[in-house]
Amino acid sequence: MKIGDRAQRNGVSRRLLRYYEEQGLLRPVRLPNGYREYGEPDVAAVRHIRAMLAAGLPTAVIARLLDCVHDDGDRIVPTAWPGMVSNLRR
DNA sequence: GTTCTAACA
DNA sequence: TGTTAGTA
């Protein structure tokens with residue numbers, strides 16, 4: 001799925017999707033032609049990112065949080081990670 | 001026609 | 001964030 005379609009389905013601009021990647025919040029696969037390939041996991045990630053940004057969290061924190069969250073389809077659930085609690089506290 | 005990077009407003 | 005330039 002190309003960035004153009006991704007942008008429309010997520011309701012965000014292509015510029016923003018590239019910006020998120022720049023901040024380390026997204027890791028789309030790079031095609032041989034240089035294009036970004038987005039999958040379903042990225043759709044969920046964008047939802048998480050937007051929610052957290054709206055909550056006022058800095059992108060630096062969000063990048064680490066994305067590694068601790070899993071989307072089972074319609075809700076986000078914390079992934080077992082020993083250091084999560086202390087990290088959130090910090 | 002679409003996407004890419006970098007950079008400016 | 002939008003947009004533009006020059007490419008691939």
Side-chain angles (χ1 to χ4, degrees):
Chain A
M1 171 171 275
K2 297 192 302 298
I3 193 174
D5 306 321
R6 180 79 308 155
Q8 280 196 306
R9 300 202 191 190
N10 277 326
V12 300
S13 68
R14 308 175 183 200
R15 176 74 175 73
L16 196 51
L17 287 177
R18 297 187 187 115
Y19 176 66
Y20 287 165
E21 180 186 15
E22 200 178 346
Q23 301 306 301
L25 309 183
L26 291 177
R27 284 92 191 210
V29 171
R30 283 306 184 128
L31 270 31
N33 58 3
Y35 286 17
R36 294 175 180 72
E37 172 63 24
Y38 292 92
E40 295 312 309
D42 298 308
V43 183
V46 172
R47 285 206 303 272
H48 300 159
I49 294 167
R50 299 199 76 196
M52 293 191 268
L53 286 176
L57 292 174
T59 56
V61 172
I62 299 177
R64 309 194 60 186
L65 249 35
L66 286 180
D67 294 329
C68 318
V69 171
H70 168 265
D71 193 315
D72 68 7
D74 56 23
R75 66 186 62 191
I76 57 178
V77 46
T79 295
W81 179 48
M84 183 172 75
V85 177
S86 60
N87 260 280
L88 289 175
R89 191 126 51 199
R90 200 186 316 150

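None of the values given here were measured: they were computed from a predicted structure. First the proteins, then the strands, lettered A, B, ... as listed; each starts at 1.
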* **Heavy-atom closest contact (A/L17 atom, A/V46 atom, distance)** => CD2-CG2, 4.0 Å
* To do: Give a yes or no on whether the backbone of A/V12 and the side-chain of A/N10 come within a donor-acceptor separation of less than 3.5 Å.
  => no
* Work out which heavy atom in A/A7 is nearest to a heavy atom in A/S13; give both atom names and the distance. => CB-C, 4.2 Å
* Answer yes or no: is there a side-chain heavy-atom contact under 4.5 Å between A/E22 and A/R18? => no
* Among A/R27, A/R15, A/R30, find the one that has a salt bridge (charged side-chain N to carboxylate O under 4.0 Å, His left out) with A/E21. => A/R30
* Considering all heavy atoms, the nearest A/R14-A/I3 contact -> O-CD1, 3.7 Å
* Atom-to-atom span, CG of A/D5 to P of B/dT2 - whole angstrom -> 10 Å
* To do: Indicate for each nucleotide in nucleotides 4-9 of chain B, in 5' to 3' sequence, whether protein heavy atoms under 4.0 Å reach the base (B), only the sugar-phosphate (S), or nothing (-).
  => SB-B--
* Asked: Do A/R6 and A/E37 meet the salt-bridge criterion of a basic N to acidic O distance under 4.0 Å?
  -> no
* Tell me, what's DNA chain B's dot-bracket, Watson-Crick or G-U with both distances under 3.5 Å, | for other-strand, [ ] crossing? -> .|.|||||.
* Asked: Can you find a pair of side-chain heavy atoms, one from A/Y38 and one from A/V29, that are under 4.5 Å apart?
  -> no
